[in-house]
Number of protein chains: 2
Amino acid sequence: MMESRPYASRECRDAYRAVRDTLDVVSGKWKLVILAVLLEEKQRFKELSRKIGISPRILSKELQELELNKLVTRTVCDTRPVTVEYAATEHAQTLGDVIHAMHQWGQLHHATIVGQPRPKTSELERALEK
Amino acid sequence: MMESRPYASRECRDAYRAVRDTLDVVSGKWKLVILAVLLEEKQRFKELSRKIGISPRILSKELQELELNKLVTRTVCDTRPVTVEYAATEHAQTLGDVIHAMHQWGQLHHATIVGQPRPKTSELERALEK
DNA sequence: CGGCATCCACTTGGATACTG
DNA sequence: CAGTATCCAAGTGGATGCCG
């Protein structure tokens, strides 16, 4: 494999890797939701689970990945039944530009798609509504 | 369902929808690769398939989604066995800011992660190398 | 050549029950 | 409370063959 790659230059491949890294971090159903909540204020495991309606198994997995990527910190509190607090890191805040760009383009895209004389199929509606 | 959502305000929900729309468009294994190639110059189906090493079935599906989102155009050429040309649209070019932001942050992220005294686990390496 | 149909492997997300 | 184990449903990506 690796015969004919679409990227002639090393710079292109590296650029693509960087984009993919970002995509890996923000993709998925929950990562951005969790980060959004934690960026407002730190939360305990159960609070997160309840607030965003996510099962413990998934939440645990997501938080571990976010912690590996240094986007959240995990702090065990020495309380009675033991609680754990999760908080967004400074590094998580640097995601702002990416979120903003995606927010802007999402709006532009929506306008581009629905602001047309009779969209061809209803396929599209469903795709955007989901 | 829809009981307790983490988004108090309407603005937040709308912002999140816009971000999700963008994510839906650029996520996945191939969409950005296809767009990158088509942004350089228009290509025929087979050329695309060969250049980036993707099976016809997947390529077809991806192209249809991209066309629905007005990111590529599909042109049937009246040649002998019949060829089809795909080209990136102007709308596809507006994705530039998003890509750029993801590129920048991807680099920052990589530096943040690997530029540390002894990363805890080798988990991380694999996560970033894949 | 373009692209659909079939079948299949792997991943993602989820419900539930259980442990320290 | 925090987190794991099990089991499971659905989605995604892929190989191969066929057809106009």
Side-chain angles (χ1 to χ4, degrees), chain A residues 1-3 6 20 23-35 37-38 42-69 72-87 121 123 126-127 129-130, chain B residues 1-4 6 20 23-35 37-38 42-69 72-87 123 126-127 129-130:
Chain A
M1 38 237 57
M2 275 292 176
E3 346 73 325
R20 277 255 77 94
L23 221 35
D24 287 343
V25 169
V26 300
S27 283
K29 190 169 177 178
W30 296 115
K31 299 226 176 55
L32 286 184
V33 180
I34 295 171
L35 281 178
V37 174
L38 289 182
K42 63 188 177 194
Q43 306 272 332
R44 287 184 299 104
F45 188 89
K46 190 61 179 305
E47 289 172 337
L48 274 175
S49 177
R50 187 181 47 75
K51 277 198 183 179
I52 69 187
I54 180 178
S55 71
R57 196 186 74 92
I58 306 298
L59 180 58
S60 176
K61 183 174 62 67
E62 299 289 307
L63 286 171
Q64 284 176 26
E65 291 175 22
L66 290 173
E67 194 188 2
L68 266 173
N69 282 310
V72 306
T73 58
R74 178 180 181 277
T75 311
V76 179
C77 303
D78 197 9
T79 53
R80 257 242 287 90
V82 170
T83 58
V84 179
E85 271 190 351
Y86 288 90
T121 72
E123 275 295 273
R126 289 193 285 118
E129 281 318 313
K130 76 159 179 238
Chain B
M1 27 229 75
M2 276 291 175
E3 344 72 327
S4 69
R20 276 255 81 90
L23 220 35
D24 288 343
V25 170
V26 300
S27 284
K29 189 170 179 176
W30 296 115
K31 299 224 174 57
L32 285 184
V33 179
I34 295 171
L35 281 176
V37 174
L38 289 182
K42 63 188 177 195
Q43 306 273 332
R44 288 184 299 105
F45 188 88
K46 191 61 181 301
E47 291 173 335
L48 274 175
S49 176
R50 187 180 47 75
K51 277 199 184 180
I52 69 185
I54 180 177
S55 72
R57 195 186 75 91
I58 306 297
L59 179 57
S60 176
K61 184 174 61 68
E62 299 288 308
L63 286 170
Q64 284 176 26
E65 291 175 21
L66 289 173
E67 194 189 1
L68 266 172
N69 283 308
V72 307
T73 58
R74 179 181 180 275
T75 313
V76 179
C77 303
D78 198 7
T79 52
R80 257 243 288 87
V82 170
T83 57
V84 179
E85 270 189 355
Y86 289 90
E123 275 296 270
R126 289 193 283 122
E129 281 318 312
K130 75 157 176 243

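Here the structure is a predicted model, which is why all the values come from computation and not from measurement. Every chain is numbered from 1 and lettered A, B, ... according to where its sequence line falls, protein lines coming before strand lines.
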What I want to check is whether an N or O donor and acceptor connect the side chain of Arg57(B) with the base of dG14(D) at under 3.5 Å.
yes
Minimum-distance nucleotide to [X] side chain [options: [options]]:
X        : options                 : result
Val84(A) : dC4(C), dG3(D), dT4(D)  : dG3(D)
Trp30(A) : dG3(C), dG13(C), dG3(D) : dG13(C)
Thr83(B) : dC1(D), dT16(C), dC1(C) : dC1(C)
Gln64(B) : dG13(D), dC1(C), dC4(C) : dC4(C)

Take atom [atom1] of [X] and atom [atom2] of [N], then tell me their distance rounded to the nearest Å.
X        : N       : atom1 : atom2 : result
Glu65(A) : dG3(D)  : CD    : C1'   : 15 Å
Lys46(A) : dT4(D)  : NZ    : P     : 16 Å
Leu63(B) : dG3(C)  : CG    : C1'   : 11 Å
Lys61(A) : dT11(C) : NZ    : P     : 12 Å
Ile58(A) : dC7(D)  : CD1   : C1'   : 13 Å
Lys29(B) : dA9(C)  : NZ    : C1'   : 12 Å
Arg74(A) : dA2(D)  : CZ    : P     : 10 Å
Phe45(A) : dT4(D)  : CZ    : P     : 8 Å

Lys46(A), NZ atom: more than 12 neighbouring heavy atoms under 6.0 Å
no
Is any side-chain heavy atom of Leu48(A) closer than 4.5 Å to a side-chain heavy atom of Ile54(A)?
no
Under 4.0 angstrom, heavy atoms only, what part of the nucleic acid is Glu85(B) near: base, sugar-phosphate, or nothing?
nothing
Counting the atoms with a prime plus P, OP1 and OP2 as sugar-phosphate, which does Glu47(B) contact under 4.0 Å by heavy atoms, base, sugar-phosphate, or nothing?
nothing
Whether the side chain of Ser49(A) engages the backbone of Phe45(A) through a donor-acceptor N/O pair (distance < 3.5 Å, no angle test) should be reported.
no
Please confirm whether the backbone N or O of Pro56(B) pairs with a side-chain atom of Ser60(B), one donor and one acceptor, at under 3.5 Å?
no
If you apply the rule side chain to side chain contact (heavy atoms under 4.5 Å, CB included), what do you find for Leu66(B) with Lys31(B), and how did you get there?
CA-CA 8 Å; Leu66(B) 289 173; Lys31(B) 299 224 174 57; 3.9 Å; yes
Is Ser60(A) close enough to dT4(D) that one of its side-chain N or O atoms is under 4.0 Å from OP1 or OP2 there?
yes
Are Tyr86(B) and dG3(C) close enough that a side-chain N or O sits under 4.0 Å from OP1 or OP2?
yes
